[in-house]
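Below: the structure, in structure tokens.
A quick note: this is a predicted structure, and the numbers were derived from the prediction, not measured.
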Amino acid sequence: MQASWIQLNSDKIRLLRDFKNFSLSEDFTIKIDEKEFKVHKLILAARSPTIAEMIENNLDANELNLVDLSVEIFEKILEFIYVSMKVYY
């Protein structure tokens with residue numbers, strides 16, 4: 001199978017961005033340096049096998065500290081996780 005990256009249509013992008021900004025549903029915190037990112041554990045685990053493994057290894061934890069990663073890069077990763085989709089055909 002060949003993978004192709006596509007951008008979700010604008011309605012879905014808006015929905016995911018709105019969901020990301022809905023603070024009552026954030027159930028997990030990722031810390032990088034002094035910056036805290038309030039996120040949705042389910043979405044991150046579903047979209048990133050690496051983050052899913054980190055969460056699974058610390059099931060009782062409500063936060064994850066990441067080292068050797070800049071805040072700017074992680075912001076781009078979050079943007080990708082929340083607004084992009086991988087499609088196989």
Check [X] against [Y] and note the closest heavy-atom contact, atom names and distance.
X	Y	answer
Ala52	Ala45	CB-O, 3.4 Å
Asp27	Lys41	OD1-N, 2.8 Å
Ser48	Ile81	CB-CD1, 4.4 Å

Would you give the length of the straight line joining atom [atom1] of [X] to atom [atom2] of [Y], rounded to the nearest 0.5 angstrom?
X	Y	atom1	atom2	result
Met54	Asn65	CE	CG	11.0 Å
Ile43	Ile51	CD1	CD1	12.0 Å
Thr29	Glu36	OG1	CD	5.5 Å
Lys35	Lys31	NZ	NZ	13.5 Å

Validation row: Leu44, Leu78 side chains within 4.5 angstrom (heavy atoms): yes
Side chains of Leu66 and Ile30, heavy atoms from C-beta outward: is any pair under 4.5 Å? yes
Taking a hydrophobic cluster as the set of Ile, Leu, Val, Met, Phe, Trp and Tyr residues connected by side-chain heavy atoms closer than 4.5 Å, whether directly or through intermediates, do [X] and [Y] fall within one such cluster?
X	Y	value
Val39	Leu69	yes
Val71	Phe28	yes
Ile73	Phe37	yes

Are more than 12 heavy atoms, taken from residues, nucleotides or ligands other than Glu63, located less than 6.0 Å from that residue's CD atom? yes
